[in-house]
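All remarks here apply to the structure that follows.
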There are 2 protein chains.
Amino acid sequence: MSREIIKKEINNQLNPNISVDCVIFGFDGKELHVLLIDRENELKNVVSAHALPGNLVYDHENLNMAAERVLKELTGLTSIYLEQFGAFGDPDRIKKKEDQPWLKSVRTNPNARVVTIGYYSLIRMSDYELNPSSFAKFAKWIPLKEILNLPFDHFKILNSSIEYLRSNTKIRPIGYNLLPEKFTLNEMQKLYEAIFNKKIDNRNFRRKIINLDVLDKLAEKQEGVAHKPATFYKFNVVKYESYIEKGFFKFEF
Amino acid sequence: MSREIIKKEINNQLNPNISVDCVIFGFDGKELHVLLIDRENELKNVVSAHALPGNLVYDHENLNMAAERVLKELTGLTSIYLEQFGAFGDPDRIKKKEDQPWLKSVRTNPNARVVTIGYYSLIRMSDYELNPSSFAKFAKWIPLKEILNLPFDHFKILNSSIEYLRSNTKIRPIGYNLLPEKFTLNEMQKLYEAIFNKKIDNRNFRRKIINLDVLDKLAEKQEGVAHKPATFYKFNVVKYESYIEKGFFKFEF
DNA sequence: TTACTTAATGTCATTTTAACGTTTATGAAT
DNA sequence: ATTCATAAACGTTAAAATGACATTAAGTAA
C-alpha cells in the first residue's frame, strides 16, 4: 500500500537524467528562423540568454509526448509534428560556468548528468502565436543566420538539427507533415532555397517537384495578394507513401 | 571530504535510466548479418533469446564511449566506428512479461524507465573475431532476413537502424568510416545490393561510383582467388570531404 | 488606366540513366 | 600444359533528367 503510493509519486516526477530540446524552424517566405526562449534569472548578455526550449522528461512519458508537452509549456505551441533528430549525452555539457545559475534555479538536481533528445519541426511562422510561460520569459523567432552562440551545447544541437533537416530534404520532398496542409509551389521553392542557402531556378523546381507526382493541385488560389495569385497544392498521401516506398529500390546517391 | 567520496561513487555507477544498444551489421559479400547476443538466464525460446548488445551507461561516459565499451564488453569487438541513429524512450518498452526474468537478474533497478540510444556500424565479418563475455553467453552473426522477433523493442530498434543506414546510403557513398580501408568495387556493389535488396547492374554501378571521383584506385589487387583478381580502391579523404560539402549545395531529391 | 509585383510557363544542349554481353585473368583439376 | 569455372572489367544506345535561359498572365494600389 505504501509501496504503491511511492510508485505513483515517482511517476509524477521529472527524471533528472533525461531531457528533450526542441528546435522549431520558422519560415516567413524568405529565411529560416529558430524559436528561442529567454529564461528567467538570466545574465544580461542578450546573445547567450537565448536557449532552445527544453526541459526534463516525466517517467511516464514517451519522448515524443515529452517534447510536445515541453514545447507547449514553454512556448504555447501545440499541434506541431515533431521529429527526433538525435541524442546528446556528453557529461560535460552542463558544466559551463555561465550555465550554472539557471541550472541551480530551475533544476532540483543541477549536477545530474543529462542526456537530451533533440526534436525538430518546421512551421510557417504566421500560422502560430507564441505564448511563453513557465521559466520562459520570452519566446522569439530569431533568424537562423543571426545565431552565433547558445548556452549548454544548444548551438551544437541546433547545427545537428539543420544537418538532419538538410539530409532529409535530399531524400524526400520537404513539407510532408511539416508544412501546412496546403501551400504554394513558390513557398516550397523558397523554403528549399532557405534550407540549402542556394538560388533555384523556378522552372526547374516546378518541373521537378511536379514530376514527382506526389502533389495534388487544388482549385484554390491565393487571395488578396498584389500579384498574380498562386495556386495551392497539397500532398497526395497515397502517392507520397508509394514514392517513399519505391525510393528504397532506386539506386542513387 | 565525505561529499567528494559520495560523488566519486556516483560516477562509477551505471545510470539506471540511460542505456545504449548496438546494431552491428556484418557483411560477408552476399547478405547483411546482424550481431546478436544470447544472454544468460534466457527462456528456452531460441528466437527470442537473441538480443542486440546493449547495457546501461556510466555517468562519466559520453554516449559514443559508452556504446564502444558495451560493445567490447559483450562481444569483444573493438576499434569499430559507431554512429548514432536514434533514441528510444517508450516507458512501456521494458514491460513485456517475457523480458522480466533477464531484467531482474541483471539490472539493479529493473523497473526504472530506460531511454536507449541506438548506435550502428557496418563491418566485414571476416575481419573480426567475436569474444562474448559479461552477461553475453554467445555472440553470433544472424542473417538479417532471418530475424523476425527480438526482446524489448529491439526489433523496432533494428528496423530503425536499417532505415537509417538506407537513408544515409542514399545521400553519400557507403563505406567511408564503415568499410575496411581498402575494398573492391564488386564488394561495394554487393553491399549496396544487400542494403537495398535490389540487383544493380555492374557497369552502371562502376560508372556511377567512379564518376563521383571520391575513390583512389590502388595498384594492389586481390590475391589467391580462383578468378580474375579485383582491384582495390580506397576513399580519397580530401575528395570525399569536398564531395560531402558540395553536396549541400546541390538541389536534388 | 497604368505601374508594380510576382506566378506560371517551354526550349535546347548537355548530362545522366537504364538496359544490355563479351573479353580478360586467375586458381583448381586433369 | 590444357581445360574449366569463376568473377572482374568494360562500352553503346535510346530515353530521361538537368541546367540555363525570358515572357506572358493576374492581382492590388495609385
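Proteins get letters first, then strands, A, B, ... in listed order; numbering begins at 1 in each. No hydrogens, no waters, no symmetry mates; every other heavy atom, side chains included, goes into these values.
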Original post:
Counting side-chain heavy atoms from C-beta on, which of dA7(D), dA7(C), dG27(D) comes nearest to A230(A)?
Top reply: dA7(C)
Original post:
So, is N186(A) close to the dA7(C) phosphate, meaning a side-chain N or O under 4.0 Å from OP1 or OP2?
Top reply: yes
Subject >> Phosphate OP1/OP2 of dA9(D): any R206(B) side-chain N/O under 4.0 Å >> reply: yes
Subject >> Gap between atoms CZ and C1', on F205(A) and dG10(C) respectively (whole Å) >> reply: 18 Å
Subject >> For atom CD1 of I209(A) and atom C1' of dT9(C), their distance in whole Å >> reply: 17 Å
**OP:** Round to a whole Å and report the spacing from NE2 of H227(B) to P of dT3(D).
**Re:** 23 Å
Original post:
Quick one: the side chain of N211(A) and the base of dA17(D), do they pair up donor-acceptor inside 3.5 Å?
Top reply: no
Original post:
Are the side chain of Y192(B) and the backbone of I174(B) linked by a donor-acceptor contact shorter than 3.5 Å?
Top reply: yes
Subject >> D28(A) side chain to E31(A) backbone, donor-acceptor under 3.5 Å >> reply: yes
Original post:
T231(A) side chain N/O closer than 4.0 Å to the phosphate oxygens (OP1, OP2) of dA7(C)?
Top reply: no
Subject >> Between N177(A) and E83(A): side-chain donor-acceptor atoms closer than 3.5 Å >> reply: no
Original post:
Just how far, in rounded Å, is P of dT6(D) from CD of Q222(B)?
Top reply: 16 Å
Subject >> Value in whole Å for how far the C1' atom of dG21(C) lies from CG of N204(B) >> reply: 13 Å
**OP:** Starting from the 5' end of DNA chain D, give me the residue, A226(A) or R203(A), whose nearest nucleotide shows up first.
**Re:** R203(A)
**OP:** Compare side-chain N and O positions of K208(A) against OP1 and OP2 of dA17(D) and report whether any pair is under 4.0 Å apart.
**Re:** no
Subject >> Atom pair distance, as rounded to whole Å: CG in D201(B) and P in dT16(C) >> reply: 17 Å
**OP:** Grab the CG-P distance between L212(B) and dT17(C) for me, whole Å please.
**Re:** 9 Å
**OP:** Could you tell me whether K140(A) sits above the aromatic face of F138(A), with NZ or CZ closer than 6.0 angstrom to the six-membered ring centre and within 45 degrees of the axis?
**Re:** yes
Original post:
Can you tell me how far P of dT6(C) sits from NZ of K221(A), to the nearest Å?
Top reply: 18 Å
Original post:
To the side chain of N202(B), which of dG27(D), dA19(C), dA9(D) is closest?
Top reply: dA9(D)
Original post:
Y240(B) vs F235(B) aromatic rings, parallel, tilted or perpendicular, using cut-offs 30° and 60°?
Top reply: perpendicular
**OP:** Assess whether one donor atom and one acceptor atom, taken from the side chain of R207(A) and the base of dT11(C), lie less than 3.5 Å apart.
**Re:** yes
